[in-house]
There are 2 protein chains.
Amino acid sequence: MSDAEDPAAQSLRLLWGDVGPGRRGPKPRLSVAEIVAAGVAVADGEGLEAVSMQRVAAEVGYTTMSMYTYVPGKELLLELMLDAAVGEPPTLSAEGWRERVEEWTAQVQELFHRRPWMLRIAMRNPPMGPGQLAWFDRLLSAVLDSGLNGPEAMSLSMYLLSATRELARIHTDGAASPGIDEYISNLSTVVTPVRFPALYRAMSSDGFTDDVDEESLSRFGLRRLLDGVDAHVADGSGG
Amino acid sequence: MSDAEDPAAQSLRLLWGDVGPGRRGPKPRLSVAEIVAAGVAVADGEGLEAVSMQRVAAEVGYTTMSMYTYVPGKELLLELMLDAAVGEPPTLSAEGWRERVEEWTAQVQELFHRRPWMLRIAMRNPPMGPGQLAWFDRLLSAVLDSGLNGPEAMSLSMYLLSATRELARIHTDGAASPGIDEYISNLSTVVTPVRFPALYRAMSSDGFTDDVDEESLSRFGLRRLLDGVDAHVADGSGG
DNA sequence: ACGGAACTCTGTATGTCTTACAGTAATAAC
DNA sequence: GTTATTACTGTAAGACATACAGAGTTCCGT
């Protein structure tokens, strides 16, 4: 950590845990992993806003500045937390590829609900550490089984992940804020047929409930997406 | 702005521009709109990180604290900026509903590329001011023309918007950070067939280029989603 | 064995940030 | 014209990231 180093390279090295052996000074009494775990614990317990260098340092029992021995700054710490927080990727037990994709989706949703702070880390660099890649690999595996080729499966997996992630963010936005119900009902006051015709039409149609829960919202889109994959595969190869 | 007020109600009132007439003190020399516009200008020119109360105040030519006369805090200012920054919703000129959805998607992408800071505002409350709703209404209108019913069209529009937004975020993550190419090539070092089998398979298949551009990435997913809609509509009503 | 390089950890300090609070001036209601 | 209400200013408090210098620790080369 002494030499000036490309931030991207630094990010990679820390994410993938290269240590570099045979170092001269005193034995480190801490580790990057411990610090990252402490950060995750703070975020879990008190929210992302409570994660400060001082708070994390207090958590591990060292001074604030000693954190900088292990991690070059807060931003990278957050990246590392993100990758650590995903945990072990799920094992998909369902039979068909479709079912496995749905199973995967349910698992990420569960993760995002358990750790909503993951959805609110503002980053400037593309992270994709080992943890996130492992999850992504599981999804991609299921999607590849549909018969899509490599780039297609990649695109589709990214699309699916993106939608799921952002929907979870929107959902947890609402869950945390009080008065959300009031908010929505106030909103319907303002949705007039002249100003927002489509919205008005959709909201006054049969079977529209005010509270659109994430589960059903996400499911319909996902099903259509997978239907589209089926159609594409049937069209392209089988006939 | 004197009384204690529900933050959600405050949010709504400011987003929808209720002023409340007949006030007693001196005439306001500024307006919420001016302040928000200044914030947007700063974010456009110098990035979201440069947006501080002091910087915005300097932009409009008043003291930092005078901002708090109009806006209760920074977080709400960012919400207002988000809703203002979308601008006028696009007019969709294409014929078929599919083409109009694709046209809409291209327009949001353009918007997100032009103002990437919109994708990095961390919020705790659901915003959905008039600006965002207007955009959403246009999308929903096109989707409704497919034949989906209200809740279905709503779900699908949310799904589509979410995917598009998150893909844009990922893309602009990469675009801003230097050494991204190096990053990716380093990454492929670490993708071994034993650790990430699906990823390895997908990446070594034919026609895989290292740089997956957002355009094609997003397009494939979108097309499958719309195919799925076609299938669903044909299945449900027409026969 | 020993000098010094390299490293860990601490304490202090600086600059930036949000925002609370008190004060001053202006305006409209009564 | 008195008074409540509001706009705006100045100061300052408290949180925060992090630069820097120093003290102590360990290992390498000699």
Side-chain angles (χ1 to χ4, degrees), chain A residues 1-5 7 10 18-35 38-39 42-43 46-81 121-124, chain B residues 1-5 7 10 13-14 18-35 38-39 42-43 46-81 121-124:
Chain A
M1 226 141 305
S2 56
D3 266 47
E5 196 184 1
Q10 226 173 17
D18 299 9
V19 198
R23 283 125 46 106
R24 201 173 283 198
K27 293 263 162 63
R29 285 180 274 174
L30 271 163
S31 67
V32 176
E34 266 178 281
I35 292 173
V42 172
E46 303 164 47
L48 190 60
E49 293 173 6
V51 177
S52 69
M53 291 312 242
Q54 2 238 339
R55 184 71 190 72
V56 172
E59 195 76 8
V60 294
Y62 284 77
T63 58
T64 304
M65 286 315 291
S66 65
M67 301 295 100
Y68 288 92
T69 306
Y70 297 89
V71 161
K74 190 185 181 182
E75 194 176 331
L76 191 38
L77 172 59
L78 292 177
E79 279 185 34
L80 296 173
M81 283 170 56
I121 293 183
M123 284 183 311
R124 277 200 309 272
Chain B
M1 224 142 306
S2 57
D3 265 49
E5 194 184 1
Q10 227 172 18
R13 188 170 49 75
L14 284 170
D18 299 8
V19 198
R23 284 126 45 108
R24 199 172 287 198
K27 293 260 162 66
R29 284 179 277 173
L30 270 163
S31 67
V32 177
E34 267 178 282
I35 291 173
V42 172
E46 304 164 46
L48 190 61
E49 294 172 6
V51 178
S52 68
M53 293 310 245
Q54 4 237 342
R55 185 71 188 74
V56 172
E59 195 77 8
V60 294
Y62 284 78
T63 58
T64 304
M65 287 315 291
S66 65
M67 301 295 101
Y68 288 91
T69 308
Y70 297 90
V71 161
K74 190 184 181 181
E75 195 175 331
L76 191 39
L77 172 60
L78 291 178
E79 279 184 36
L80 296 174
M81 283 171 56
I121 293 182
M123 284 180 311
R124 279 199 308 273

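Below, read A as the first sequence line, B as the second, and so on, with proteins coming before strands; counting in each chain starts at 1.
When the salt bridge (Lys or Arg N to Asp or Glu O under 4.0 Å) test is applied to A/Glu34, no partner is found at least two apart in sequence or on another chain.
Closest to the B/Lys27 side chain, of the nucleotides C/dA28, D/dC8, C/dA25, is C/dA28. Side-chain proximity of B/Tyr62 to the nucleotides D/dA7, D/dT25, D/dT9 is greatest for D/dT9. When the nucleotides D/dC8, C/dA29, D/dC28 are ranked by their closest atom to the side chain of A/Arg24, D/dC28 comes out on top. Of the candidate nucleotides D/dA7, D/dG24, C/dA28, D/dA7 has the atom nearest to the side chain of B/Pro28. Of the candidates D/dA7, D/dC20, D/dC16, D/dC16 carries the atom nearest the A/Lys74 side chain, counting heavy atoms from C-beta on. For B/Ser66, the side-chain atoms get nearest to D/dC8 when compared with the rest of C/dT8, D/dC8, D/dT18. In the set D/dC8, C/dA28, D/dA19, D/dA19 carries the atom at the smallest distance from any side-chain atom of A/Met65. The nucleotide whose nearest atom lies closest to any side-chain atom of B/Gln54 is, among D/dT6, C/dT18, C/dA6, C/dT18.
Distance, B/Met67 CE to C/dT19 P: 14 Å, rounded to whole Å.
Here B/Tyr70 contributes atom OH and B/Leu80 contributes atom CG; the two are 14.5 Å apart, rounded to the nearest 0.5 Å. How far CD of A/Glu49 is from CZ of A/Arg55: 14.0 Å, rounded to the nearest 0.5 Å. For the atom pair CG (B/Leu77) and CE (B/Met67), the distance works out to 9.5 Å, reported to the nearest 0.5 Å.
Residue order along DNA chain C, read from the 5' end via each residue's closest nucleotide, puts A/Thr63 first among A/Thr63 and B/Val51.
If you check every strand for non-hydrogen atoms under 4.0 Å, A/Ser52 touches sugar and phosphate atoms only.
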